[in-house]
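Below is one structure, written out as structure tokens; comments come after it.
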Amino acid sequence: MDTRPIGIFDSGVGGLTVLAEIKQTLPNENIIYMGDTANFPYGDKCKEDIIKFAKKMVKTLIQKKVKIIVVACGTATSQALDILKKEFNIPIVGIIEPTVEYVKKQKYNKIGVIATEGTIRSNAWEIALKSKIKDIQVINKACPMLATIAEEGRATSKEGRQVIKEYMKPFKEKKVDKIILGCTHYPIYEKIIREEFEYEIELIHTGTTVANYLKENLCKNNMQNTLEKDLEVVYLTKPEKYFKEIAKNILNFEIEIK
Ligand code: DGL
């Protein structure tokens, strides 16, 4: 048994889509969330900067005495996870590995990936998918504007819908019907993405695969909290005007922001 909180971080509100799934799958766990709003967006930054920001987030969460850290950010997972794992003596989980395991179990042989510019540039999804699944076809698409539009609370605006239309074109042309939401901001667009397609699509949420992976691992290592939870707090590195409202839309309840 381990009552220490799970630490989660992202550049902004996106990681809350992962928090929501963790909360549902592991309702007893205490949670500390860090949104690095001072450095948002991560998606257009160089690898060196992403590593620097991610290290800072991990150090802060370790100081807050978390038992495990979830990198609830595709950009940081794709470019900094290996370095974080080497440098820090604490279990760290990213969003790619648990999701690739899910895709492998489903035996899919063609999959779309949408993510930030930095994530697609790193090619981390394609490398991870192809290393685990022989002959899988991967169709990547960078969606540079999506995280920023979501962070500004404009996901359902005309602009939000227009960019989704544009970004979904290659998937429609190639009749792709399974797409990984490779940036944690993207579940905010789920409904709009579905409306773009005339056929049924599966949108794979990294939050779900990460929450299942965490459950299995905490249980295996006897690290679950079986007591009543008493902590759920969000820290931001810079106050953000729309954060609370967007958070409420994602989580369906009000969060405490510090
Ligand atoms: N939510 C993040 C991701 O999963 C970061 C988006 C951004 O800061 O550009 O990639």
Side-chain angles (χ1 to χ4, degrees), residues 7-22 33-58 61 69-82 84 92-100 112-128 140-155 160 163-164 167 179-190 193 203-211 213 234-238 240 242-243 246-247 249-251:
I8 306 175
F9 81 87
D10 179 37
S11 59
V13 292
L16 293 177
T17 62
V18 179
L19 186 154
E21 299 288 342
I22 293 175
Y33 183 92
M34 297 276 322
D36 192 9
T37 39
N39 293 308
F40 179 87
Y42 279 7
D44 61 1
K45 307 275 181 345
C46 66
K47 184 173 174 166
E48 289 69 31
D49 281 347
I50 300 303
I51 294 169
K52 190 172 80 192
F53 302 150
K55 278 187 184 173
K56 206 164 161 203
M57 290 295 103
V58 169
L61 287 167
I69 292 173
V70 178
V71 183
C73 170
T75 313
T77 300
S78 65
Q79 294 170 82
L81 185 67
D82 292 351
L84 299 176
I92 305 180
V93 182
I95 65 166
I96 297 181
E97 198 191 315
T99 310
V100 169
V113 179
I114 52 173
T116 64
E117 253 179 310
T119 302
I120 298 298
R121 189 184 55 227
S122 78
N123 212 21
W125 280 102
E126 187 157 350
I127 293 169
N140 290 295
K141 176 82 186 137
C143 305
M145 319 238 318
L146 288 189
T148 301
I149 295 175
E151 195 79 10
E152 290 169 356
R154 296 187 292 119
V163 287
I164 289 288
Y167 292 152
I179 301 175
I180 296 174
L181 303 174
C183 164
T184 53
H185 279 73
Y186 298 177
I188 298 172
Y189 292 94
E190 169 150 20
I193 295 176
L203 295 174
I204 301 166
H205 286 224
T206 59
T208 318
T209 64
V210 169
Y213 177 91
V234 172
Y235 292 89
L236 299 181
T237 52
K238 185 178 131 231
E240 242 349 297
Y242 303 108
F243 198 95
I246 306 169
N249 285 339
I250 296 171
L251 300 167

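For ligands, and for the atoms within them, numbers begin at 1 and follow the listed sequence.
- The line from CG of Leu61 to CD1 of Ile69 is 5.0 Å long, rounded to the nearest 0.5 Å.
- The only member of Val18, Leu19, Thr75, Val71 that meets side chain to side chain contact (heavy atoms under 4.5 Å, CB included) when paired with Thr184 is Val18.
- In this structure, ligand 1 sits under 4.0 Å from heavy atoms belonging to Asp10, Ser11, Phe40, Pro41, Tyr42, Gly43, Cys73, Gly74, Thr75, Thr116, Ala147, Cys183, Thr184, His185.
- Taken from CD1 in Ile164 to CD1 in Ile193, the straight-line distance is 4.5 Å, to the nearest 0.5 Å.
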Would His185 and Tyr42 satisfy ring-ring contact (aromatic ring centres under 6.0 Å, His included), going step by step from the backbone distance to the final call?
CA-CA 12 Å; His185 279 73; Tyr42 279 7; 9.6 Å; no
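- The number of heavy-atom neighbours closer than 6.0 Å to NZ of Lys47, taken from other residues, nucleotides and ligands shown, is 12 or below.
- Evaluation of the salt bridge (Lys or Arg N to Asp or Glu O under 4.0 Å) rule for Lys55 yields Glu87 as partners, not counting sequence neighbours.
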